[in-house]
Structures are given as structure tokens and as C-alpha cells.
Protein chains: 2
Amino acid sequence: MSALDTALHGLRALIADGALRPGDRLPSEGELCERLGVSRGSLREGIRMLAALGVLETRHGSGSYVSELRAADLIGSLSLTVGLLPMEGVLELTELRRILEPHAAALAAARIDVDTVERLSSLLDEIEASDDFEEHSRLDHAFHMTISEVAGNDALTSLINVLRSRSRAYRIPNAGDAAQLKSHSDEGHRAILRGLAEADPVAASAAASAHVAYTEYWVRRYSGDYVGVEPT
Amino acid sequence: MSALDTALHGLRALIADGALRPGDRLPSEGELCERLGVSRGSLREGIRMLAALGVLETRHGSGSYVSELRAADLIGSLSLTVGLLPMEGVLELTELRRILEPHAAALAAARIDVDTVERLSSLLDEIEASDDFEEHSRLDHAFHMTISEVAGNDALTSLINVLRSRSRAYRIPNAGDAAQLKSHSDEGHRAILRGLAEADPVAASAAASAHVAYTEYWVRRYSGDYVGVEPT
DNA sequence: GAAACACAGTTGTCATACGAATTTGTGGCG
DNA sequence: CGCCACAAATTCGTATGACAACTGTGTTTC
């Protein structure tokens with residue numbers, strides 16, 4: 001077993017066994033080196049790996065701490081890497097969105113309150129008025145994230161966030177296509193909001209499903225492997 | 001910007017910009033240190049972080065390589081950490097399973113062939129005959145993974161695998177409860193398989209949904225926050 | 001009481017050295 | 001020529017020492 005494995009599994013075991021709980025501070029690097037029998041370099045590599053996965057957080061001059069170990073945070077650690085996926089991988093993720101986003105919309109429809117509906121509505125006003133790509137992307141993201149937050153499952157929200165972060169990065173080069181996409185997207189948003197406002201999970205879910213499917217259509221179209229007819 | 005950030009973002013940029021593609025070997029650590037202007041220690045910490053996230057793979061004496069960057073692999077990197085989640089987090093994940101597994105079952109029902117149905121059936125024979133916890137757990141896992149593989153989306157399979165790996169770890173201490181769980185679980189498996197064999201997505205999905213819900217019932221029951229009546 | 005300071009403890013970074021594994025080059029042999 | 005054995009070079013793995021940067025705390029000073 002390599003020194004790195006020793007450090008990694010040693011640290012993980014400290015948490016798994018309950019010796020270290022969320023929020024706790026780890027012993028200093030020097031002490032951990034002695035206890036685990038590895039050099040400081042190997043130990044630090046192990047700490048970094050767990051930090052990359054969202055399990056540990058290190059503060060310069062203070063120490064390393066066990067994170068709160070929320071499912072949403074661990075899932076969120078993927079956001080650093082999904083941006084590296086090639087196009088084929090993005091389609092797999094879009095399929096996951098097609099499952100999760102309608103579900104989130106249905107849950108949200110059952111739980112949403114009037115104030116949130118109002119906030120989403122004014123968000124759509126802004127979106128429709130915006131013609132700057134960056135701003136539009138930001139507002140669009142806020143709209144969808146608000147919905148999944150209302151759904152009430154943080155892990156679900158985080159997962160949707162990770163999945164969306166990838167498709168969101170694309171900018172449609174053709175101006176005509178971009179305008180068509182925006183127009184259709186605006187309609188889709190209104191349809192989702194109608195479902196939410198009427199507390200109709202089926203309608204909200206169906207609208208969200210159509211919305212993701214439309215996104216997927218454009219991803220396929222620009223990734224070159226599109227086969228079929230244009231969506232209506 | 002810290003040296004570690006420099007190394008991490010430098011490496012990530014090499015991949016994001018296309019200078020390094022899946023399968024490529026990275027320049028040696030010495031050369032990367034010069035190019036990025038950081039020490040070998042800091043560089044290695046960056047490499048380890050990307051390795052933990054499934055983006056890089058290092059082979060002793062040979063070099064570091066860009067992974068295939070499959071969505072399934074990146075998602076699979078979570079399996080090291082989900083085992084550390086406290087019980088509340090597990091319930092969030094079970095809710096995700098309640099969304100994903102029925103969907104996978106529905107997809108599988110539309111795509112499954114006779115041979116696979118036969119294989120699943122004999123797998124269930126083994127499961128029902130088994131009374132060893134470890135073996136039962138392994139076979140149960142094989143049954144569910146086969147279904148999600150048939151569904152045809154590797155990212156979905158990997159995600160379900162990660163989510164299941166957590167709930168699977170629990171052993172029901174009470175012998176009577178364990179027997180009841182197994183009996184009910186066996187029935188659920190047969191119901192799912194019937195849906196698959198009849199190529200009935202709705203039936204398969206409903207059976208999978210009930211199966212996950214039953215698991216969730218036991219998780220809640222043993223985590224102490226169960227409120228409600230027993231499932232039928 | 002509040003601000004400024006000094007100090008100990010901790011992580012961040014670098015440089016160097018050597019061990020361990022792989023890859024490559026080389027020479028000899030059939 | 002093809003193949004094998006062996007040595008050399010390359011590369012990652014690990015350890016050590018040193019110092020900078022930062023944090024938290026207690027103390028001094030006004």
C-alpha cells in the first residue's frame with residue numbers, strides 16, 4: 001500500500017469511524033504525519049484529494065476542517081470537472097436533466113407560494129427584456145435554480161445545477177438561431193411558470209420536460225449528430 | 001492566486017483548451033513545474049485533486065494521463081465520499097433514487113431482450129436462495145445494475161450505482177426485520193422483472209418505485225425519524 | 001475599553017535528494 | 001533479421017529540511 005493510500009484511507013477512516021465529525025478540526029499536519037506514518041508531502045496530497053471531493057476544507061494558518069458533509073456539497077464538487085466533458089458526454093447529462101428537472105418542477109408546483117411565483121414572474125420579465133448573452137444566461141440560471149430550490153431537496157438542486165452548468169456554457173453562434181432559441185425558450189419558461197402558479201404538478205412537469213428537450217435539440221444540432229425533424 | 005490554484009487551473013486549462021485530449025500523456029512533472037512556475041509539490045497536489053475527481057490518472061514510472069472523460073467516470077468519483085454522509089444525507093439520496101431507478105426501469109423495459117430477462121430471472125433465483133448477507137447484497141446489486149445498464153445511459157447507471165452504494169451498506173440488526181425485508185424485497189424484484197419481461201415500462205417503473213420506497217421506509221425506520229404507518 | 005503589538009502554532013511553498021517503477025536503448029545471440 | 005537480456009535513462013513516489021504567509025491569542029499600551 002502506497003504512502004498516499006495510507007494517508008487517504010487513514011483520513012477517510014477518521015471520519016467514517018466518527019473520530020472526526022462535521023465541522024471538527026483535524027490534528028495538525030505534523031501530528032497526522034506521525035500518527036499515520038507518512039511524510040508531510042504524502043499527507044498533504046491525501047488531504048487535497050478529500051478537499052477536491054468536498055470532504056475537507058483547509059484554511060491557511062488555521063488548520064483543516066471536516067466539511068458539513070451535505071450531499072449537495074459533495075455533488076457540487078463535480079462542477080469543476082463537468083466543464084471538461086466532450087460533447088457526447090453532455091448528451092448523457094442532458095438526458096439526466098430530462099429526468100430530474102421535470103420532477104423538480106412537479107415538486108415545486110406542489111409547494112410553491114404566491115411570493116415566489118411573483119418573483120419568478122418578474123425574473124421572466126427581465127429575461128425577456130434582456131439581450132445580453134451573459135445577463136440572459138445568469139437570469140435563466142436563477143429562474144431554474146429557484147424552481148429546484150422550491151422543490152425542497154438540496155441534493156436534487158445541486159445535481160441539477162451541476163448538470164445545467166455544462167449546457168449553459170454554449171453560445172449559439174448563428175444570430176438567427178439564437179433569436180429563435182430565445183423566443184422558444186421564453187415561451188417555455190412561461191409555460192413552466194403557469195404550471196407552478198396553478199399548483200399543477202403535471203403541467204409544470206410537462207412544460208419542464210419540453211423545455212429540456214428543446215435544449216437537447218440544439219445541443220444535438222450543433223454537435224453535428226442531429227437526426228430527425230425540427231421540434232414544433 | 002496561490003501556487004496550488006495556479007497548478008490546478010493551469011492543468012485544467014490544458015484540457016479545457018484542447019491542448020491535452022483524453023488518453024494523452026501529460027508532460028513530465030519537471031516540465032510542468034517550469035511551464036506553470038510552481039514547485040513540484042504544489043503541482044503534484046493539483047494533479048492529485050484532478051485525479052480524485054477522475055480527470056487524471058497517474059502511473060508510477062510512466063506519467064500522468066488524461067482520463068477518457070466519460071460522464072460515468074466523473075460521477076463515479078463520488079463513490080469514495082458518499083459513504084461518509086450522515087443519515088439525513090442518505091435520505092436525500094434515496095429521494096434521488098426514487099426518481100432515477102423507476103426511470104431506468106422504464107427505459108430498460110423498452111430495450112431489454114430475452115437473454116437478459118433470463119439472466120435476471122436466474123439471478124433472482126440465487127438471491128431468493130441466498131441467506132448470506134454479503135452474497136445477497138452482491139447479487140442484489142448485480143440485479144439492479146444490470147437493469148440500469150440495459151437502460152442504456154452510462155451516466156445514469158453510474159449515478160444510480162453511487163446512490164445505491166450508500167444505502168446498501170446498512171445491515172438490519174433485528175433478525176425478524178431482516179427476514180421481513182428480504183421477503184418483501186424478493187417480491188419487489190419479481191414485480192420489476194415481470195414488468196421488464198412484458199416490455200411494460202409503466203409496470204416496471206411502478207414496481208421499481210415501490211421497491212425504492214420500501215428501502216426508504218427501512219432507512220427512515222432505523223434512522224429514528226420515521227413517522228407514519230407501515231407500508232402494505 | 002480599544003487598538004496595536006508580539007508570539008506561538010499552522011498551513012503554503014520551495015528545493016534537494018533518493019527510492020521505485022517503467023520505458024527505452026543497446027548489445028549479443030540464435 | 002528477430003528475439004531476449006541487460007543496462008541506462010526517464011518518470012513518478014517519498015522523505016526531509018527550511019522558510020514564508022497567515023491565524024489566533026494573549027499582552028501591552030494608550
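Keep in mind that what you see is a predicted model, and the values were worked out from it rather than measured. In what follows, every chain begins at residue 1, and chains take the letters A, B, ... in the order their sequences are listed.
Atom CG of A:Leu32 is separated from atom C1' of C:dT10 by 12 Å (rounded to the nearest Å). Here the P atom of nucleotide C:dT10 and the CD1 atom of A:Ile47 are 13 Å apart, to the nearest Å. Note: CZ (B:Arg44) to P (C:dT16) measures 18 Å, nearest angstrom. The nearest whole Å value for the distance from the NE2 atom in A:His60 to the P atom in D:dA21 is 9 Å. The distance from atom CD of A:Glu29 to atom C1' of C:dG9 is 12 Å, rounded to the nearest whole Å. Between the CG atom of A:Leu26 and the C1' atom of C:dG9 there is a distance of 16 Å, rounded to whole Å. A:Met1 places its CE atom 19 Å from the P atom of C:dA20, with the value rounded to the nearest Å. The nearest whole Å value for the distance from the CG atom in B:Asp5 to the C1' atom in C:dT11 is 14 Å.
Under 4.0 angstrom from either OP1 or OP2 of D:dT14 there lies no side-chain N or O belonging to A:Ser39. Residue B:Arg48 places at least one side-chain N or O under 4.0 Å from the OP1 or OP2 atom of D:dG13. For B:Ser42, no side-chain nitrogen or oxygen approaches OP1 or OP2 of C:dG12 to under 4.0 Å.
Taking only side-chain atoms of A:Ser62, from C-beta outward, the nucleotide of C:dT11, D:dT23, C:dT22 with the closest atom is D:dT23. Which of D:dC12, C:dG12, C:dC14 sits closest to the side chain of B:Val38 comes down to C:dC14.
Judged by closest nucleotide on DNA chain D, A:Gly41 is the one of A:Gly41 and A:Tyr65 placed further toward the 5' end.
Ion pair B:Arg164/B:Glu101 flagged as a salt bridge, since at least one NZ, NE, NH1 or NH2 atom sits closer than 4.0 Å to an Asp/Glu carboxylate oxygen. Taking a cutoff of 4.0 Å between a charged side-chain nitrogen and a carboxylate oxygen, A:Arg220 and A:Glu216 qualify as a salt bridge. Residues B:Glu31 and B:Arg35 are paired through a salt bridge, judged by an N-O separation under 4.0 Å between the basic side chain and the carboxylate. Between B:Arg21 and B:Asp24 there is no salt bridge, since no side-chain N of the basic residue sits under 4.0 Å from a carboxylate O of the acidic one.
Between the side chain of B:Arg40 and the base of D:dT14 there is at least one donor-acceptor pair of N/O atoms closer than 3.5 Å. Side chain A:Arg59 to base D:dG24: no donor-acceptor pair is found below 3.5 Å.
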Report task. Report the C-alpha distance between A:Leu11 and A:Met49 in whole Å, list the side-chain angles of each, state the deciding distance to 0.1 Å, and finish with yes or no for side chain to side chain contact (heavy atoms under 4.5 Å, CB included). Result -> CA-CA 11 Å; A:Leu11 290 169; A:Met49 292 183 76; over 6 Å; no
